[in-house]
Amino acid sequence: MNNLQQLKTIIEEATTKIKSCLTFNELADVKAAYLGKKSVFAEMMQQMKDLQPEDRPAFGQKINEAKTEISDFIDSRRKEIESEMIRIKLEKESVDVSLPGKDIRQGAKHLISQVIEEVEDLFIGMGYSIEEGPEIESDLYNFEMLNLPKTHPARDMQDSLYITEDTLLRTHTSPVQVRTMLRHSAANEPIKIICPGKVYRKDDDDQTHSHQFTQIEALVVDESSSISDLKGTLLVLAKKLFGEERQIRLRPSYFPFTEPSVEVDVSCHKCNGAGCSMCKGSGWIEILGAGMVNNAVLEAAGYDTSRFQGFALGMGIERIAILKYGIDDIRAFYTNDMRFNRQFL
Ligand code: DAH
């Protein structure tokens, strides 16, 4: 067999092997055998020295052409294997559109968040902005600067969870009032804010008590706001939460941070004031506390009380939601039972 015939045979042999390759690994083996360092071609190059010198370049060229041919063929086989693999993969992953779909469970916004947003919408519409503060608070901001010095008996109204002697879990959102006033008093800036957030009391958890609950506080400090502005605001709030027909009633009360202070009742939304089990027969339901900001509080925060005054109100969001939706156990808000949550989609 002369050299050219030998080359032809090698190419044919290689072609057959390449065609029968089914994986990249098999192809790599064939490639090594024909194009690698110890391939048949490498051996043939060794034999070159036996040729006449004038025949050597032509033979060398033939060898190179043969290698190129084999290499091209390997490349095209690689592409074939690749598309075959993709085809098999797609076949395996094909979707049976006749199978029943998975049940997608839609979540619901928590009722507490819904009520907070309802109150926020109302107040933002009246030009208030939202302020937040830390849940771990100092005794100074939570009590002292709100006119509740260390020995004040009214501290008893808010059983507190202390972390150190001077630090506690805030018992109400009112310290956010203090923090905001301290930021604005030096420049004599007015304030119009609401502060939503979690608060904590040392209560035993039962149907009506929770050691953690949610409040929203509102505070206005400026040179003109009067108790009639407070009354107007409370009426709008009551109507927004419990319906346009609602009326409010203010009863004198006591909070150290407001003077005068009031307890706000709303006419019962169940019986329209006639008296029912919801309002315990009185026609009225207590919903929140409010008042004109006590001068002692304004002064402690650095406001000149000969110019500035204002009003504040604070409400428990759970209480509003309980009344509004007839919920009979406060713990339902915290157990994350989807059967409860999904009722208020
Ligand atoms: N901080 C009071 C509480 O948690 C609620 C409250 C009452 C807030 C009257 C106020 C207010 O801003 O004016 O019991």
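Computed from heavy atoms alone, side chains included, the values below leave out hydrogens, waters and symmetry copies. Remember, it's a predicted structure, so these values are computed and weren't measured experimentally. We count ligands from 1, going down the list as the structure has it; atoms in each ligand are counted the same way.
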The protein residues that pass the under-4.0 Å heavy-atom test against ligand 1 are Q158, H172, S174, Q177, R201, Q215, E217, F255, F257, T258, G289, A290, G291, A312, L313, G314

Would you say L313 ends up clustered with Y254 if hydrophobic residues are merged whenever their side chains have heavy atoms under 4.5 Å apart, either directly or through other cluster members? no

Got a sec, which hydrophobics cluster with Y141, joining ILVMFWY side chains under 4.5 Å apart, including via others? L140, F143, M145, L146, L148, M157, Y162, L168, V178, M181, L182, I191, I193, L219, V221, F255, F257, V293, V297, L298, Y303, F308

Would you say M315 and M278 are hydrophobically clustered, going by side-chain heavy atoms of ILVMFWY under 4.5 Å? yes

Set of residues satisfying ring pair (Phe, Tyr, Trp, His ring centres under 6.0 Å) with respect to Y325, sequence neighbours excluded: F344

Decide if atom NZ of K324 counts as having more than 12 heavy atoms of other residues, nucleotides or ligands within a radius under 6.0 Å. yes

List for me each residue that meets ring pair (Phe, Tyr, Trp, His ring centres under 6.0 Å) alongside F123, sequence neighbours excluded, and say none if there are none. Y128

